[in-house]
Number of protein chains: 2
Amino acid sequence: MESQPSLDVARLGSALDRLTRLLRRSSLPGDLSPAAASTLYTLVTTGPARLTALAAAEHVSQPAMTQLVARLEAAGLVARGADPDDGRVVIVSATDAGRDLSLARRAARGEVLATLLGRLPRDQRDAIAAAVPALEGLVALGDADPGRA
Amino acid sequence: MESQPSLDVARLGSALDRLTRLLRRSSLPGDLSPAAASTLYTLVTTGPARLTALAAAEHVSQPAMTQLVARLEAAGLVARGADPDDGRVVIVSATDAGRDLSLARRAARGEVLATLLGRLPRDQRDAIAAAVPALEGLVALGDADPGRA
DNA sequence: TGACTTTCCATAGGTGCACTATATATTGTC
DNA sequence: GACAATATATAGTGCACCTATGGAAAGTCA
């Protein structure tokens, strides 16, 4: 463990956890479960996907994704289509309403974050801004290596 | 909104969300639900508390906290005690086993984070280290103002 | 071609964990 | 000693996940 005194992973982990719970309980439009919101977000940002691929991407079982998509479809947020080349697969895509809702939620969460950030001292705000690419890099590493993370 | 081009709140929010989900699905000892883990963590770090206070702190209903504490008690992680001055209240405290488990989970999550951080370029790692106090400040702001966040 | 295996999705049954509404017990007030 | 307020427990309900299994379509090979 190359533990650097300047980087306390326990503090970082705790702060990340608490910050996310803070954002999660902020009121967002749409009343979606975390998994539903994440799935919709994935569909909006990366385009249509088949059910099994979605389940893998969201780390839920395939039956859970079938149910989740059924709920989203009932809410008019996604549509199910057929693959012309393979009669088994279901192609899930976000509807216009789904896209709008996802973007609205993203914007609302951004508002909350922006409000909090605006009350932070300038140097701390700058420190967070400087860390954003690094945090994204961390996520990319974790996604690429699901075994360890 | 004083939107600075250097701080994309949407990117920050997305990165935080994905990072937390990454950490959440990493295997931790104890098999606790997120709410249970958070409650145990609160008890370990801030000491014994009454049921209603715990429910408020964790943002769940009082019956949900009653159930949660019952599960934690059955697992031997917390103990329920009486208040000598008020026969109605239940004082919940972490047992030694609960304290050990919570610390072990915190350490395990730190390990995962440390592993990921170790594979990040030095400058990015430094950027995250520099942002830790600011992230903690953000959490403090959010906790102090539950209305907006 | 026809049987076998694989892949993709749906359904069934069960569980965990949250919620609202309500009951019970204790405390403080008049 | 009623009465209101507070702290917790119980009942009933619903959502969202899981494993196990079923059925349909596609690929494989004698």
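So that the names make sense, note that chain A is the first sequence line, chain B the second, and so on, each numbered from 1. Reckoned from all heavy atoms, side chains included, excluding hydrogens, waters and symmetry mates. Not measured: the values here are computed from a predicted model.
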Item to check | Spacing of CG belonging to B/L12 relative to CG belonging to A/L135, to within rounding of 0.5 Å | outcome: 7.0 Å
Item to check | Between C1' of C/dG28 and CG of B/D85, the distance in whole Å | outcome: 14 Å
Checklist outcome for this item: Across all chains, not counting sequence neighbours, the salt bridge (Lys or Arg N to Asp or Glu O under 4.0 Å) partners of B/R88 are B/D86
Item to check | Which nucleotide in D/dA25, D/dT8, D/dT6 has an atom nearest any side-chain atom of A/R88 | outcome: D/dA25
Item to check | Donor-acceptor contact present, side-chain A/R125 to main-chain A/L120, <3.5 Å | outcome: yes
Checklist entry - Quick one: A/E58 CD to D/dC17 C1', roughly how many Å, whole number? => result 14 Å
Checklist outcome for this item: Closest to the 5' end of DNA chain D, once A/G87 and A/A35 are matched to their nearest nucleotides, is A/A35
Next on the checklist: In whole Å, I'd like the distance from the CG atom of A/L54 to the C1' atom of C/dC8.
Outcome noted: 13 Å
Next on the checklist: Just the rounded figure in Å: distance from P of D/dA25 to CG of A/L51.
Outcome noted: 16 Å
Next on the checklist: Does C/dA18 have its OP1 or OP2 closer than 4.0 Å to a side-chain nitrogen or oxygen of B/R71?
Outcome noted: yes
Next on the checklist: For A/S33 and A/P84, find the nucleotide of DNA chain D closest to each by heavy atoms; which residue's nucleotide sits nearer the 5' end?
Outcome noted: A/S33
Next on the checklist: Quick check for you: among C/dC17, D/dA25, C/dT11, whose closest atom lies nearest to any side-chain atom of A/D86?
Outcome noted: D/dA25
Item to check | Polar side-chain atom of B/T39 near backbone of B/A35 as donor-acceptor pair, under 3.5 Å | outcome: yes
Checklist entry - Around B/D123, counting heavy atoms of other residues, nucleotides and ligands shown, do more than 12 lie under 6.0 Å from its CG? => result yes
Checklist entry - Does any N or O in the side chain of A/T42 come within less than 3.5 Å of the main-chain N or O of A/S38, such that one atom is a donor and the other an acceptor? => result yes
Next on the checklist: Rounding to an integer number of Å, can you tell me how far B/L68 CG sits from D/dT8 C1'?
Outcome noted: 15 Å
Show me the protein contacts with nucleotides 19-23 of chain C, counting only N or O atoms at under 3.5 Å.
| residue | atom | partner | partner atom | Å |
| --- | --- | --- | --- | --- |
| C/dC19 | OP1 | B/S61 | N | 3.4 |
| C/dC19 | OP2 | B/S61 | N | 2.9 |
| C/dC19 | OP2 | B/S61 | OG | 2.6 |

Checklist entry - How about A/D31: does its CG atom have over 12 heavy atoms from other parts shown lying under 6.0 Å from it? => result no
Checklist entry - How long is the line joining CG of A/L72 and P of D/dC15, in whole Å? => result 14 Å
